[in-house]
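Heads up, the thing below is written out as structure tokens.
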Amino acid sequence: MNQRITLAPGDGIGPEITVAVRSILDAAGCPIDYDEVEIGEKAYLAGHSSGIAPEAWEVLRRNPVLLKGPITTPQGSGYKSLNVTLRKTLGLFANVRPCRTYHPHVATQHPGMDVVVVRENEEDLYAGIEHRQTVDTFQCLKLVSIPGTERIVRYAFEYAKANGRRKVTCLVKDNIMKLTDGLFAETFRRMGAEYPELEQEVQIIDIGTARVATRPERYDVIVTLNLYGDIISDVTAELTGSVGLAGSANIGERISMFEAIHGSAPDIAGRDIANPTALLQSAVMMLVHLGLAEQASAIQNALLRTIEDGFHTADIHRPGSDSQLVGTRAFAEAVVERLGQRPVALPVAEFPNAPAQPLPYRRPEVKRELCGVDFFVCAADSAPDELAARLQKAAEGRMRLKLVTNRGVKVWPEGFPETFCTDHWRCRFVNPAADTTSPEPSYPPVEATLVPELLAALLDAGIEVVKSENLYLFDGQRGFSLGQGE
Ligand code: NAD
């Protein structure tokens with residue numbers, strides 16, 4: 001029985017590469033019916049600020065996958081990014097971007113590169129929760145959840161296993177962000193124990209990025225948080241030689257979206273010169289996702305053979321070489337002619353019959369206890385000792401002031417006069433019975449009602465509180481970071 005999918009040709013070169021890709025899928029006998037929808041520029045200009053009309057939403061939510069051409073985001077404010085809207089609305093938690101080189105047929109400095117970046121797609125700094133809290137200081141919340149992390153890490157391991165990959169590298173900054181990135185690394189290590197057949201490593205994102213950029217051939221599957229993944233997947237795509245080559249998948253539990261990584265290339269639109277490979281690679285990932293591995297492998301092998309046989313679009317053609325410069329249509333025809341053939345030198349593709357699937361999340365049972373509060377205070381031109389004295393006086397009989405930090409650095413007690421201070425202070429209050437002298441102090445619980453009482457007392461004392469964060473223990477473990485220098 002045919003499977004029904006949503007097809008959105010998009011803008012610029014979108015329609016012509018979509019026609020090319022569809023001709024290849026049809027020739028390969030893919031059992032697919034298409035519901036075509038219009039998204040992008042026309043929808044934006046028709047007054048739909050997110051680039052998609054309500055009727056298109058209905059189609060999109062009905063079918064399990066969307067094959068999407070690139071779209072043009074009109075210039076000017078008031079237009080929301082369609083990609084972000086789709087990602088968040090449809091719960092597309094994993095962004096999967098394979099980047100490989102086609103040496104010696106496409107010029108590259110990294111002949112052996114074949115990397116897949118699996119990027120968390122919904123959380124991290126992309127939650128878009130930002131505030132200006134004082135005149136001096138702005139904040140962006142980095143949110144990392146256990147279900148979000150488990151889902152992406154599990155998906156990366158399952159993807160590696162299903163696709164016969166040998167190694168998974170986790171990129172984090174857990175030496176600095178011990179709780180958020182620490183959770184990511186810890187989840188990776190814990191789940192990794194279930195995949196002993198896969199080589200595993202955790203690297204710090206800064207040196208990891210430098211190594212990916214200089215020695216990409218030593219990486220296989222990379223799993224990482226949203227922002228790092230955004231950057232690292234652009235680095236890997238750039239290294240392959242052309243943006244016209246790489247496809248990507250956005251995986252959700254119910255609906256998934258497949259698209260080229262490039263944009264609508266208005267500079268070459270309508271001229272039959274665009275490379276359809278990236279959208280074709282996305283379509284191949286889609287076929288694997290739909291359980292159509294046989295057709296996916298046939299198309300991928302025909303594509304590799306076409307590149308090997310020297311049929312190259314303008315973006316990868318090298319004048320003077322014996323490759324033949326072809327347009328979009330002729331390239332697609334060359335792929336169709338090679339269906340049933342295999343590459344001679346490039347590795348033959350054989351996709352799995354059982355694609356990676358997300359698994360449901362079960363929340364662990366954890367005891368959560370309130371043990372203090374951080375009040376963030378706006379105070380311009382204040383000396384730390386003087387501010388601390390005012391805070392201590394206001395808190396008397398309620399909680400004990402444990403420390404004051406400025407931009408995360410401890411400035412009281414025993415701060416350094418050299419530390420530069422803004423008007424934004426974090427003031428930590430704990431139970432007066434807390435032993436705060438040992439290296440890992442104890443945190444006895446506090447009554448929840450003490451927090452608003454203390455807030456009222458601080459306000460009464462003329463202290464301007466701009467925000468508070470409760471401090472919790474989870475099964476006795478600290479759920480908050482220590483101040484730098486604490
Ligand atoms: P772009 O990727 O469209 O183009 C960058 C360069 O790469 C251009 O020189 C272009 O000609 C070339 N190029 C891109 N795809 C190619 C292909 N398949 N074959 C040959 N050459 C190709 O990026 P841009 O110019 O920054 O953006 C153009 C528009 O696309 C903008 O409106 C942008 O917002 C949008 N965009 C959309 C998506 C998406 O829909 N996922 C992604 C990126 C950019």
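Residue indices begin at 1 and follow the sequence shown. In listed order, ligands and their atoms are each counted from 1.
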Can the ring centroids of His312 and Phe331 be said to lie less than 6.0 angstrom from one another? no
Test of understanding: with side-chain contact (heavy atoms from CB on, under 4.5 Å), list the residues that count as partners of Phe138, not counting sequence neighbours. Arg132
Does ligand 1 have a heavy atom under 4.0 Å from the side chain of Ile13, from its backbone, from both, or from neither? side chain
Looking only at non-hydrogen atoms, which of Thr313, Leu245, Asn275, Asp315 approaches atom 18 (N) of ligand 1 most closely? Asn275
Please list, in number order, the atoms of ligand 1 under 4.0 Å from a heavy atom of Asn83. 39 (C), 41 (N)
Given the protein's heavy atoms, is any one of them under 4.0 Å from atom 25 (O) of ligand 1? no
Specify side chain, backbone, both or neither for Ile71, according to which of its non-hydrogen atoms lie closer than 4.0 Å to ligand 1. both
With a cut-off of 4.0 Å, which atoms of ligand 1 are near a heavy atom of Pro266? 28 (C)
Looking at Tyr159, I'd like to know if the NZ or CZ of Arg165 sits under 6.0 Å from its six-membered ring centre while staying within 45 degrees of the ring's axis. no
Ala278: heavy atom below 4.0 Å from ligand 1, yes or no? no
Do any nitrogen or oxygen atoms of Ala265 come within less than 3.5 Å of a nitrogen or oxygen of ligand 1? yes
Given Arg97, which of Val118, Ile222, Ile261 fulfils the side-chain contact (heavy atoms from CB on, under 4.5 Å) condition? Ile261
How about Gln203 and Tyr219: does a side-chain donor come under 3.5 Å of a side-chain acceptor? yes
Looking at the rings of Phe157 and Tyr195, which for Trp means the six-membered one, are their centres under 6.0 Å apart? yes
Flag atom 5 (C) of ligand 1 as yes if some protein heavy-atom distance to it falls below 4.0 Å, otherwise no. no
Applying the side-chain contact (heavy atoms from CB on, under 4.5 Å) test to Lys173, which of Leu227, Ile204, Thr180 qualifies? Ile204
Residue and atom name of the nearest protein heavy atom (relative to atom 15 (N) of ligand 1), distance in Å to one decimal: His262 CG, 3.2 Å
Assess the side chains of Asn83 and Lys68: does a donor N or O sit below 3.5 Å from an acceptor N or O? yes
Nearest non-hydrogen contact with atom 11 (O) of ligand 1 belongs to which option: Ile39, Leu86, Thr72, Asp267? Asp267
Measure the distance from atom 22 (C) of ligand 1 to every protein heavy atom, then report the residue, atom name and distance (to 0.1 Å) of the closest one. Ile268 CD1, 4.0 Å
Using the side chain to side chain contact (heavy atoms under 4.5 Å, CB included) rule, take Leu239 and Thr108 through it: C-alpha gap first, then chi angles, then the decisive distance, then the call. CA-CA 7 Å; Leu239 293 175; Thr108 176; over 6 Å; no
What do you think, any protein heavy atom under 4.0 angstrom from atom 8 (C) of ligand 1? yes
Identify the closest protein heavy atom to atom 30 (O) of ligand 1: which residue and atom is it, and at what distance? Ser264 N, 3.0 Å
List every atom of ligand 1 that sits less than 4.0 Å from any heavy atom of Thr73, numbering the atoms from 1 in the order shown and giving each element. 32 (O), 34 (O)
For atom 2 (O) of ligand 1, tell me which residue out of Gly263, Ser248, Gly69 has the closest non-hydrogen atom. Gly263
For a side chain to side chain contact (heavy atoms under 4.5 Å, CB included) check, start with the C-alpha distance between Lys142 and Asp181, then their side-chain angles and the critical distance, and finish with the verdict. CA-CA 10 Å; Lys142 172 163 170 146; Asp181 286 33; 2.8 Å; yes
Would you say atom 41 (N) of ligand 1 touches the protein, meaning some protein heavy atom is under 4.0 Å from it? yes
A student checking ligand 1 against Ala274 at a 4.0 Å heavy-atom cut-off should list atoms 19 (N)
Between Arg4 and the options Asp33, Val65, Val59, the side-chain contact (heavy atoms from CB on, under 4.5 Å) test singles out Asp33
